[in-house]
> 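Quick one: the structure is below, questions incoming.
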Amino acid sequence: HTSFWSAKSFLDKKKQAGILILNPDIKVENVWAGNNFVIAELIKKELNVKLGSIYLPPNKIRAEETLKELSAVLIGKEKSS
């Protein structure tokens with residue numbers, strides 16, 4: 001199928017989490033990438049969704065840092081909407 005040849009991938013800064021879009025009809029409006037997470041705003045026809053992927057490191061301190069950074073991005077995104 002042609003959609004496999006037109007796939008779009010988005011990775012976080014550390015390449016631990018990612019999103020792979022296989023459907024060529026889906027438009028990627030925005031992408032937010034941090035350390036261990038990536039969020040993509042996707043549009044298909046009238047449907048607008050946000051999809052996220054997160055990797056939580058096994059180390060408690062690094063996992064908490066990831067969640068704090070993700071929270072800051074989500075809060076900032078809400079304020080700008």
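Side chains are part of it too, since the values below use all heavy atoms of this structure and drop only hydrogens, waters and symmetry mates.
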> Could you pull out all residues at least two apart from Glu64 that satisfy side-chain hydrogen bond (donor to acceptor under 3.5 Å, both in side chains)?
none
> In Å and rounded to the nearest 0.5 Å, what is the CG to CD1 distance from Asn30 to Ile43?
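Reported value, rounded in 0.5 Å steps: 8.0 Å.
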> Just wondering, do Val31 and Val38 contact through their side chains at under 4.5 Å, heavy atoms?
yes
> Scan the side chains in residues 65-76 for donor-acceptor partners under 3.5 Å anywhere in the protein, sequence neighbours excluded, and list what turns up.
| residue | atom | partner | partner atom | Å |
| --- | --- | --- | --- | --- |
| Thr66 | OG1 | Asn36 | ND2 | 3.0 |
| Thr66 | OG1 | Arg62 | O | 3.0 |
| Glu69 | OE1 | Asn35 | N | 3.3 |
| Glu69 | OE1 | Asn35 | ND2 | 3.3 |
| Glu69 | OE2 | Asn35 | N | 3.4 |
| Ser71 | OG | Leu67 | O | 2.9 |

> Mind jotting down which residue pairs meet the salt bridge (charged side-chain N to carboxylate O under 4.0 Å, His left out) criterion with at least one end in residues 29-41? Sequence neighbours excluded, please.
Lys27-Glu29, Glu41-Lys50
> Would a 4.5 Å heavy-atom cut-off, applied to side chains only, mark Phe10 and Val28 as touching?
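Yes, at least one pair of side-chain atoms sits under 4.5 Å.
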> Of all the heavy-atom pairs spanning Ser53 and Gly18, show the shortest one and how long it is.
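Answer, listing the atom of Ser53 first, then Gly18: OG-O, 3.3 Å.
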> How would you list, by chain and number, every residue that makes a side-chain contact (heavy atoms from CB on, under 4.5 Å) with Val49, sequence neighbours excluded?
Leu42, Leu47
> Got a second to check how far Ile19's CD1 is from Leu51's CG, nearest 0.5 Å?
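Here the interatomic distance stands at 4.0 Å.
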> Checking Lys15 now: which residues fulfil salt bridge (Lys or Arg N to Asp or Glu O under 4.0 Å) with it, not counting sequence neighbours?
none
> How far apart are the closest heavy atoms of Leu22 and Ala7, and which atoms are they?
CD2-CB, 3.7 Å
> Around atom CD1 of Ile61, are there more than 12 heavy atoms of other residues, nucleotides or ligands at under 6.0 Å?
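Count not over threshold, so no.
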